[in-house]
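The structure appears right after this line, and notes come after that.
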Amino acid sequence: MDRATICVQEGYKPENGEPRVLPIYQSTTYKYDSAAELAKLFDLESDGHMYTRISNPTVACVEKKIAALEGGVGAMMTSSGQAASLISVFNIASAGDNFIMMGNLYGGTTNLFLVTMKRMGIEARVVSPEMSDEEILSLFDDRTRLFFGETIANPSLAVFDFDRFAPLAHSKGVPLIIDNTFATPILCRPFEHGADIVIHSSTKYMDGHAVVVGGMIVDGGTFDWTKGGKYPELTEPDESYHGVVYTEAFGKSAYITKARVQLMRDLGSTPQPIAAFLLNLGLETLDLRIRRHSDNALRVAKYLETRTDLIESVSYPGLESSPEHERAVKYLDGGLSSGVVSFSMKGGREKAMRFMDSLRLASIVVHVADARTCVLNPASTTHRQLSDEMLREAGIDPGFVRFSVGIESADDIISDIEGALACL
Ligand SMILES: *Cc1c(COP(=O)(O)O)cnc(C)c1O
């Protein structure tokens, strides 16, 4: 099936006489006919739901849909994108281990990896595309467990170079984990480019309407955890499950099964059934929306490029002038690059704030990637504590504006920008 069809049809399959639309199973518990039946579930010998912290029928339907969209063997929904990032790493790294991360990850992920996970004894080592392969490879050692990157980085919009980094990670015997939030499986399926695990903040385009926070981990089933003895969590008996060995009992689904039955059981970053219902509703139109977002954003970016009188630079992978364009064409469905456009105002922070205050249609919010056009100036909000000099050191221009193009008419969005620029 085409991804547009999967968005609508996959996951919930009603039987004769059942509701046509995915029901919200608002139940924490499940009834069994005998103690023996339930015991089998606890021994992981039969499939079924035992407790909603671990799984739920509404949530399971959305997991199935997203696994199909990405082309993976299984998926697990989490209460947020942050929880998905945490569990995706913690599932295969323990105190004393380390991993490689791209330096351009989402700010929340960067905090989690460099500050909070450090307190768990797991060290993240930062790399950038400017480094040579030799420099990057020199950061790996026998405790390195994975390589982590974003398909389209938030907010720099750099496009991940799969053909360079996937073989590099695999040459060191570690999996590639990709945060595919901005691209969504409509624009990019990372498993087709060598990724082994994909994660999402479904809070962004997947939900698409800014109504529910959520995350997803998808297992490609591609990585051989038994080679090299690096993943004892998966290849040696789990005491907390009567000695089950995940790779032996669950084969290609070892990683995602362990994430659920061990880490979701213990950490409890569980999504509510209503969150899964709302996410499923959003997913039905994902293919339509992401194409419209991308078309609109390209038109907005092209317009911004003509305004050299007031705008210093425009960054959008879909623009032919972008240094990311070649990779966008290669990995992102012919260059469709989602709805997020970045640009720098001449005149810095003050001009950026005046511009934003003058917009009528676009609203100022701390969010990206939903149906409504919105805008954020990191210098006056998320990075407000930093001086202009410190901002530049962190790679953020004080006049940097992150513009999330919605699915309204592109003409209306452009005339809103035009009007705001006229106020400067
Ligand atoms: C927002 C975001 C996250 C975090 O997701 P939450 O759902 O807000 O917890 C992770 N990665 C990327 C790329 C994001 O944009």
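All ligand and atom numbering here is 1-based and tracks the order in the structure.
Aromatic ring pairs are classed by plane angle as parallel below 30°, tilted from 30° to 60° and perpendicular above 60°; the pair Phe162 and His193 is tilted. Using a 30° and 60° split on the angle between ring planes, Phe355 and Phe343 fall in the perpendicular class, above 60°.
Tyr331 does not carry Arg189 over the face of its six-membered ring by the limits of under 6.0 Å from the centre and within 45° of the normal. With Tyr246 as the aromatic partner, Lys252 does not meet the cation-pi criteria of under 6.0 angstrom to the ring centre and within 45 degrees of the ring axis.
Of the residues Leu286, Leu69, Leu283, the one that meets the side chain to side chain contact (heavy atoms under 4.5 Å, CB included) test with Thr184 is Leu286. Under the side chain to side chain contact (heavy atoms under 4.5 Å, CB included) test applied with Leu176, the options Phe160, Phe191, Phe223 reduce to a single match, Phe160.
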Measure and list all N/O to N/O distances between ligand 1 and the protein that fall under 3.5 angstrom.
residue	atom	partner	partner atom	Å
ligand 1	5 (O)	Ser201	OG	3.0
ligand 1	7 (O)	Gly81	N	2.9
ligand 1	7 (O)	Ser201	OG	2.8
ligand 1	7 (O)	Thr203	OG1	2.6
ligand 1	9 (O)	Gly81	N	3.0
ligand 1	9 (O)	Gln82	N	2.9
ligand 1	11 (N)	Asp179	OD2	2.7
ligand 1	15 (O)	Asn154	ND2	2.9
ligand 1	15 (O)	Lys204	NZ	2.6

